Amino acid sequence: MENTTHFIIRSIILLALLISTSCKKFVQVPPPKTQTELSRIFADDQSAMSAATGLYYAMQAANLQFTSGGITITTAHSADELVTVIANTTYDGFRNNNILSDNATILGLWNNAYKNIYHANAVVEGLDGSQTLTSSLKDQLKGEMLYLRAWHYFLLTNLYGDVPLELTTAYEVNASMDRTPQDEIYSQIIADLQLSRELLSKSFSTSVNTRPSSAAATALLAKVYLYRQQWSRAEELATEVINTGRYSIENLSNVFLQSSKETIFQITRQSANTAEGGSFIPASATVLPTYALTAYLLDAFKLGDNRKNNWTKSNTVNGIQYYYPFKYKVRSSTTVTEATIVHRLGEVYLIRAEARAQQGKLKDAIDDVDIIRTRAGLLTQLLKNINPNISKENLLSEIASERQVEMFTEWGNRWMDLIRANQADVILGARKAPNWQSTDARYPIPYNQILLNPALTQNPGYNF
Amino acid sequence: MRIPINKPEVLFRYITTIPMRANVVVLVLAFFCFLNTSRAFGQSISISVKKQPLETVFRIIEKQSGYLFWCEKELLQKAMPVDLIINNATIEQALNACLKGKDLTYAIKGKTIVIKAKDKASEKKSGNSKGLIVTGQVTSENATVVPGVSIRQKGLQRTTVTDKEGKFSIEVTDFNAILQFSYVGYELKEVLAGNAKVVTLTGSTSKLDEVQVIAYGTTTRRLSTSSISTVKAADIENQPVSNPLAALQGRVPGLVIAQTSGVAGSSFKIQIRGQSALDLTLSKNDPLFVIDGVPFEPGNSVSSQVTSAANNPTSTTTGGLSPMNSINPQDIESIDVLKDADATSIYGSRGANGVILITTKKGKAGTTKFNLNGNTGYNNIGRTFPMLNTQEYLKIRKEAFSNDGLVPSSNPTDPAFAPDITLWDNNRYTDFQKLLIGNTGYTSNLQGSITGGSEFTQFRIGGNYHRETSLFAAKYTDNIGSGNININHSSKDKRFSIQFAGLYSSDKNKLPRMDLTRYIGMPPNLLLYKPSGELSWEDAGVAYNSLNDITNPLSLLNTYYQSLNENISTSLNIGIKITEGLNFRTNMGYNSFASNETSLSPKASINPYTTLLPSSAFASASSRSWIVEPQLEYKWSKNFHAINAIAGTTFQNKSTVNSRVSGSNYASDLLLSSISAAGTITSSNDESQYRYTAFFGRINYNYHDRYIATISARRDGSSRFGPDKQFANFGSIGVAWLFSSEPFVKDALPFLSFGKLRSSYGTTGNDQIGDYKFLNLWQSTTQGYTGIPGLAPSTLFNPDYNWEINKKFEVAMELGFFNDKLLASVAYYNNQCNNQLIRYVLPNQTGFSNVVKNFPGHVQNSGWELTLNSRNVTSKNFDWTSAFNISIPKNKLISFPGLSSSSYKNKYVEGQSLSIIRAYHYLGIDQNTGLYTFEDVNKNGEIYIGDEQYFGNLDPRFTGGLQNNIRFRQVDLSFFFQFTRQVGPNYLTRLFQRVGLMGNQPTLVLNRWTTPGQETDIQKLTSLSEGPAAIAQGAFAGSDAAYTDASFIKLKNISLGYRLENKLISHLGLGTVRLYAETQNVWTVTNYKGSDPETKDLFILPPLRTFVFGAQITL
């Protein structure tokens, strides 16, 4: 009996020892081979590159997401550019400026933007924490990520107003963050773009426009300063982009090609053309396009403006002519010839024109506008000829009209231009009556996000 | 006084008074081992003596007869010498002659003759303090000694117990005293004290003594301290089902099982004692499945990755194929469901949701037996829900338009476009329910096994083939082939033993790509075939794909889905006896489950009016797991004390590999099965590894079979947790008091044959949350960007989450009446789960919508479970037994910190069940507008966010079953009722935007509102998908009116068998032959509005009614 007890006690002790030493190791499994751990990604140039590249993939993977046509299509409905003509209610709230805060599209845009921002933040953190990466690559990738983050916040704040400014991946902190004032967001955007410009100018091949270059960061910064009404800074940066000499004004039919020389930054797809082309262009010449351009836009084209012929197209169904955007000309094809363009030289000229006009440099501004008009075939409408002594106010108005017809259905330019120029109430108030209210200029914060984070507040004008 | 013991020549067992120190005189009965018991004796006795002492005469009788005499020496000495001449007398005659005229009498008990003084004397003896010591030995039927048997004289308190050799000695008042021998697993035996030299116990037939399998061992219902329910082969075999889970429905209190679909091989929802998980997307609340000691890794998770008819049409993520379908129910000896902490704590982190132990059939020593069992039959849909015919349908449609002030139009751009009314044949009628799911499927099953072996080696080899055709079309078949081998061996000295169990099965299940039941709502005048006989995709120039949700459902019969599941499950158990009572065992097991799926959509299944081209999908998944569990077991018993201790470790490794490839844009059907022929290919794969280790121990202490305690403890380590969080401790204690063994209870309540009070408390854990959630993982993006591969973060990660620990309490009373003819048990349980792992929902500004996190939400599951088992009649020709169980569960969210600001705000309410119904409150039909009205809680004039209220919950109020087994001569009949009281969503939830739109409806909509004052639950019809009527219709589907009573009683199973007369079949050389008929899902009694209250969805194939006829032959 005693022996047995001893035996048992000895065995148990032995087993316990065995467990404590070997079991700790036993339950430590390596990470799965089909996924990889963050710490390992940023140990190596190739995988760090992939981590950053993954964000570009995410930005274009699905149609009509935040950076794949989603903003274009919603804001074009909210403003006076597009209407849905088939029986599809997805964008009715936008068209009628009565979006409910539980609108699925609103939520989708929001979620998509913040997912991309998380990705950018994660890569920035990974790059900052790595000691082993080639420094030029580190600079390039960080520059790209800062550009993308700034760009996302620029779009977010112009859609939703104040939004939480998440700059790290710390979800415990981020989860309860309230809305950051727009001024603060812009400060961060400017800081990010300044740094991005610097990092990218040092390191990145200038011949690639499928990733943001220093010029792309500069172009976006010029736009930001324009929106912030820092005219001289805007002009200075726009000039910087123009003076690189890398980009030139293309003829109209080539502007939206992948090979366009005008493109500063474009987001391409590996095996498909653009979401815009796929969404706007109808399946055949006889069917209703899903979305039709409004008479407001069509009427804004001056007589002889080649952009109307080249950048819009129409189908006639039951005797009614429906125009649709035709900037991107491929609906679907396995040969990829088009990519979604984010920044192009044409817009930079218009940014500079506006910035110059605001500073009273009217002559210089006219030159910039005329470059765009020339390309549009409006040789008879060149300001230097028809109205060289135009007043500042009138010139600004001409520039605004030029932006309307040059930048239509691109990234919400029309919508944001109206709002930043305080023209939304005037123009949309008239065109969208009786639905329009001043508060419609801001999209609602998604309802379920307010439920999830009570620190978020709703924009004025929304019930819940 | 000398006692002549140990002298073989002295044949008398003298009973002598011995003066004790305390002046107590004890009569001692000397006991001898008999050497000559095998000697043959003559039956008759012949004696011729003169003036001989009685003792001498008795010796002579002993020699001649083989009887033994027991007598007090004093009595013999007092007796006068005898003169006797007898010839060929019987023993009684001889004794009568001997004792004639003496104050002595005798009693013959077995081979013993007890001589005693006549009544006067014995009365006197029982009154004084004198006692007799009786010694003897207890053996079992197969002649092995039984230690630990409790012995007491009936009516007295004093109890003794047999030693290691089965020997005992007990003090009795006299030889007529009745000794009660009781030992667990054996029938109570009553023996006269005088006959107690060698007592043979027979095995118990009481249900209380049936073996129950527990973690790392076995017990019985009588001695168990924990909550275990056992379903035996007898109840499983009678059911014509291919999935063992189907065989458990309604039979185990606390276990709720619901079939998700009637499609062959489809999965089951299982819950033991309610939902504890707040987040079912992370941990599914499924119990752990263990087959012959080896975890069955796929468990109750769905094996399919590709959508098929087994999936729920409303969501591809629910439903699917059940891996358990590859376990052949006919191979199962028993299924033990472990419910409380005492039973499951030893499974540590894996036992939080209960454990289901499956034990396969084993070989038996004896003659080699062949068993053949074959049956064949058919299945069809049990309960249908009548739908409108064309005439009624068109009437409803037209009325909807006229209510809206519209005229049905044939113009596609007209809002009132209604081709079914204006363009299509108004007389064509297809009963889609009948066409799509009204057919019959056929089923056949063939099972064979060979069992046999010797005392040291037993084996069983079995095989099974099951084939089932779908009622959709005969080409869709489910073929399951399986084989199993069981071998047990022990060395001659029984010091070494080895057991091997191996199961292999292959389940090839062919299905349509979608459940055709989904399409029973097609317009009844839909054109299905062109005049040429081809499937039609348009009618009168209207293409079906231009209409919402309209298709030609018959095209699905051109789709093809196949799942091939292969399961290998083996276990090897080696035991070595180190010393007496100490055994070393190692349990080793390997389980491999592989699933291969193919889904093809050829041209013929695709609407030619779309640009879609043929497509395919392939998926494979395999999980391999091994487990090694070395254990030491120690058994010790002395007097009334018995200890059974076990200590062991577990090492388990599981690796899973999955891949999915889908191809689209095939040029033709030719190479549809070849992925390389696809125009576009997308693929993904993933793999994971799970490691698990533990050190566990359990001590069971049993005093006198009256007081029993079990303590178990386990230290677990799991790879699913981050560094420093990998280990956790679990433990439990269970106690039982068998009060019926207390003499005072025995004597006071003689009708109470068994009474036990038991209770347990302990902890179990949960690591069923998937792998690697604590790592910051990135995965490859589907495609790259400009040729550079991409990586994207998989999820948010949380390195800090910790074990989820559940606390379980149970108290139960188990009673047996009238010799265990009626057994009853009542159990109350209370389980607390309050540090749950959930996918904590985060605002998306964090980049993701959730993160795995411990959350202090506190869920309580409590309830009552009652079981009754009765042997109503037991006789030679007629047996009738019944079993009844009922469970009354209650689920409650005790607390949820920050609920109002969390994403669960609209899902849960503190103090209510987790399955609470959140809906608008329906107020009836507005008799002016004819539209549904609801309570506008926030008084903002519209029924929308903010107007929801809470109405009861979807938990079953009670569930249970009633089994009856009747045998009359050769005929056996068993039938089983399953019942549930519950509330569920009915067909009205699926009417959302349907009434009045194109699409058929149940005939109940004929009772729609038409005139003010009408009482109905169908509002005024509308053809519009916008406007107040459509909004009201939408709100109605989300209102409390769409939830109604879904209670049911199902006659789940009937089995009728006839055992052929022995004479007839022995003539044919057969052992036994039984012919039988079995039927499943026979009949449902319910008020439920919908096809089946179990699946609760009009558009899912309900569980099928099966009927089979077969024969079972044993050679």
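Computed from a predicted model, the values in this text were never measured in an experiment.
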(request) Check side-chain hydrogen bond (donor to acceptor under 3.5 Å, both in side chains) between B:Ser620 and all other residues, then give those that pass, not counting sequence neighbours. (result) B:Ser659
(message) At under 4.5 Å between heavy atoms, what parts of residues 678-686 of chain B are in contact with chain A? List them by residue number.
(response) B:Asn685, B:Asp686
Return a table of donor-acceptor pairs under 3.5 angstrom between the side chains of residues 786-797 of chain B and protein atoms on other chains or two or more places apart.
{"residue": "B:Ser794", "atom": "OG", "partner": "A:Gln35", "partner atom": "OE1", "Å": "2.7"}
{"residue": "B:Ser794", "atom": "OG", "partner": "B:Leu777", "partner atom": "O", "Å": "3.1"}

(request) Describe, in one word, how the ring planes of A:Phe66 and A:His152 are oriented to each other, choosing from parallel (under 30°), tilted (30 to 60°) and perpendicular (over 60°). (result) parallel
(request) Could you tell me which portion of B:Val657 (side chain, backbone, both or neither) has an atom closer than 4.5 angstrom to a non-hydrogen atom of chain A? (result) neither
(message) If you take the centroid of each ring, where Trp contributes its six-membered ring, are B:Phe848 and A:Tyr171 closer together than 6.0 Å?
(response) no
(request) Return the orientation label for the A:Tyr160 and A:Trp110 ring planes: parallel under 30°, perpendicular over 60°, tilted otherwise. (result) perpendicular
(message) Below 4.5 Å, heavy-atom pairs only: which of B:Arg720, B:Gln652, B:Gln845 has the largest tally toward chain A?
(response) B:Gln845
(message) Does any backbone or side-chain atom of B:Gln783 lie under 4.5 Å from a heavy atom of chain A? Answer side chain, backbone, both or neither.
(response) both
(request) Establish, yes or no, whether a centroid distance under 6.0 Å links the rings of B:Phe855 and B:Tyr840. (result) yes
(request) Can you tell which part of B:Asn940 gets under 4.5 Å to a heavy atom of chain A, answering side chain, backbone, both or neither? (result) neither
(request) Report the residues that fulfil ring pair (Phe, Tyr, Trp, His ring centres under 6.0 Å) with A:Phe42, sequence neighbours left out, ordered by chain and then residue number. (result) none
